[in-house]
Amino acid sequence: MTDAIYSFTISDSYTPATIPMERLAEYMAALAKLLGETTSVHFADVVEGSTALKARIDEPAQPKVRDRVHAIRTGSAPADARKAYETLDEMLRADNAYGSLSSGEGVVVPFPGKRRPEPVVYGPFRQDGSLDGEVYRIGGKDDTKHINIRSGDRDISVLVASEAVALRLRHHLFQGQLRFYGAGTWFRHGDGRWELRSFRVNDFEPLGDESLTEVVDRLRAVNGNHLHELQDPVSKILGERGGEA
């Protein structure tokens, strides 16, 4: 068995004479991640015409690379291989190109790139609601102030507020969790994801440091409610809200 060669072709865009070296290096790095077995995959050549990167696979690694490429083609590849495919296809789209991965068998994985249909996005949808988080930045030179909050492990930077609300908020910078009330503008992507594009803050209030369990225990002690009848009120509340303690 001899070394196998895979060719990744960039069509309808760069040629070897016009592709920037930095961009070529990005394609080479992404192709290496796609093929896997990085210690056994070597750059072989750049072919004239449409830019085609040739990768040579050492003999011991060929079965693993062949299986990985087959899994990418059939949609059963591991997450890192799927991510590498998406990265390459998005690079092609950004470069107004399309491409393919070929072996001695011909094209084994097509990359639609610019030929891929534009993703479907629905919206905008406007809905009143609330967000929780800690303020870590307030800025803006005009009458509309931009507010950045940290909610769990996420940074949210789409909040805006009037100058009056911002002046009140400045006293709460890095001072703990707040609940922001306002109107959000949402978009729904074709894959089901919801994206918050903006959130207009009308009011806010500080949140206590009590955990949900502590709040429930305090409420159970109040006469006139039915929380004491539930064996696990925390799970009941979380099930209804879809949240976490």
Side-chain angles (χ1 to χ4, degrees), residues 1-124 154-155 157-158 186-197:
M1 185 183 295
T2 59
D3 291 345
I5 298 292
Y6 284 87
S7 296
F8 177 74
T9 302
I10 303 171
S11 299
D12 211 16
S13 181
Y14 294 121
T15 68
T18 61
I19 186 169
M21 185 176 292
E22 182 179 11
R23 191 58 165 169
L24 178 63
E26 291 172 350
Y27 273 110
M28 291 171 63
L31 178 60
K33 291 180 180 178
L34 181 87
L35 296 174
E37 304 299 315
T38 53
T39 60
S40 299
V41 175
H42 311 278
F43 173 67
D45 196 6
V46 177
V47 180
E48 290 294 335
S50 294
T51 302
L53 310 179
K54 286 198 170 185
R56 176 175 53 83
I57 315 300
D58 291 342
E59 184 176 322
Q62 290 178 26
K64 290 183 179 179
V65 172
R66 184 174 58 250
D67 291 345
R68 183 178 174 91
V69 169
H70 177 74
I72 293 170
R73 182 174 58 193
T74 59
S76 58
D80 66 313
R82 295 197 303 270
K83 177 64 175 176
Y85 171 85
E86 292 167 0
T87 298
L88 277 168
D89 198 53
E90 193 55 43
M91 291 172 65
L92 290 167
R93 185 185 184 92
D95 291 339
N96 197 33
Y98 62 94
S100 62
L101 181 69
S102 304
S103 69
E105 305 171 358
V107 174
V108 289
V109 179
F111 290 82
K114 69 175 183 179
R115 294 174 168 176
R116 176 162 39 96
E118 289 289 337
V120 178
V121 179
Y122 304 95
R154 295 185 304 143
D155 288 346
S157 57
V158 297
W186 296 84
F187 288 81
R188 185 180 183 275
H189 293 265
D191 60 4
R193 289 183 300 110
W194 285 90
E195 177 189 1
L196 178 62
R197 296 275 181 90

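All heavy atoms count here, side chains included; hydrogens, waters and symmetry mates do not. Since the model is a prediction, treat every value here as computed from it, not as a measurement. Sequential numbering from 1 along the given sequence is applied to the chain's residues.
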### Message
Any carboxylate oxygen within less than 4.0 angstrom of a Lys/Arg side-chain nitrogen, looking at Arg197 and Glu195?
### Response
yes

### Task
Take atom CZ of Phe187 as the centre, draw a 6.0 Å sphere, and report whether it contains more than 12 heavy atoms from other residues, nucleotides or ligands.
yes

### Heavy-atom pair of closest approach, residues Tyr85 and Pro110
OH-O, 3.2 Å

### Summary
One should read off an interatomic distance between Ser102 OG and Phe8 CZ, to the nearest 0.5 angstrom, of 10.0 Å

#### Entry: Residues Tyr6, Lys54; criterion side chain to side chain contact (heavy atoms under 4.5 Å, CB included); working and verdict
CA-CA 6 Å; Tyr6 284 87; Lys54 286 198 170 185; over 6 Å; no

### Message
For a 4.5 angstrom cut-off between non-hydrogen side-chain atoms, does Gln62 reach Glu37?
### Response
no

### Task
State whether the number of non-hydrogen atoms from other residues, nucleotides or ligands found under 6.0 Å of His70 atom NE2 is greater than 12.
no

### Minimum heavy-atom distance Leu31-Ala55, with the two atoms named
CD2-CB, 4.5 Å

### Message
Taking the basic N atoms (NZ, or NE/NH1/NH2) and the acidic carboxylate oxygens, is any pair closer than 4.0 Å for Arg116 and Glu90?
### Response
yes

### Summary
CD (Glu26) and OG1 (Thr87) are apart, to the nearest 0.5 Å, by 11.0 Å

### Message
So which atom in Ala84 and which in Lys33 form the shortest heavy-atom distance, rounded to 0.1 Å?
### Response
CB-C, 3.8 Å

### Message
Less than 4.0 angstrom from a charged side-chain N to a carboxylate O is my criterion; do Lys114 and Asp89 meet it?
### Response
no

### Query
Given Asp12 and Arg115, is the salt bridge (charged side-chain N to carboxylate O under 4.0 Å, His left out) satisfied, shown in steps?
CA-CA 11 Å; Asp12 211 16; Arg115 294 174 168 176; over 6 Å; no

### Query
How close do Leu35 and Arg68 get, heavy atom to heavy atom, and via which atoms?
O-CD, 3.1 Å

### Task
Could you please spell out the steps behind the side chain to side chain contact (heavy atoms under 4.5 Å, CB included) verdict for Thr15 and Ile10?
CA-CA 8 Å; Thr15 68; Ile10 303 171; over 6 Å; no

### Query
For Tyr14, does its backbone N or O pair with a side-chain atom of Thr51 as donor and acceptor, under 3.5 Å?
yes

### Message
Whether Glu86 and Lys83 form a salt bridge (side-chain N of Lys/Arg under 4.0 Å from carboxylate O of Asp/Glu) is what I want to check.
### Response
no

### Minimum-distance pair of heavy atoms, taken over all atoms of Thr39 and Asp58
O-OD2, 4.2 Å

### Task
Of all the heavy-atom pairs spanning Gly113 and Arg93, show the shortest one and how long it is.
O-NH1, 3.6 Å

### Query
Do Thr9 and Ser11 have side-chain atoms, one donor and one acceptor, less than 3.5 Å apart?
no

### Query
Distance from Tyr98 atom OH to Leu92 atom CG, nearest 0.5 Å?
11.0 Å

### Task
Report yes if the side chains of Arg188 and Arg193 come closer than 4.5 Å at any heavy-atom pair, otherwise no.
no

### Query
Cut-off 3.5 Å, side chains only: do Tyr27 and Asp95 have a donor facing an acceptor?
yes

### Message
Among Leu101, Leu34, Val108, Asp67, which residue satisfies the side-chain contact (heavy atoms from CB on, under 4.5 Å) criterion with Ile72?
### Response
Leu34

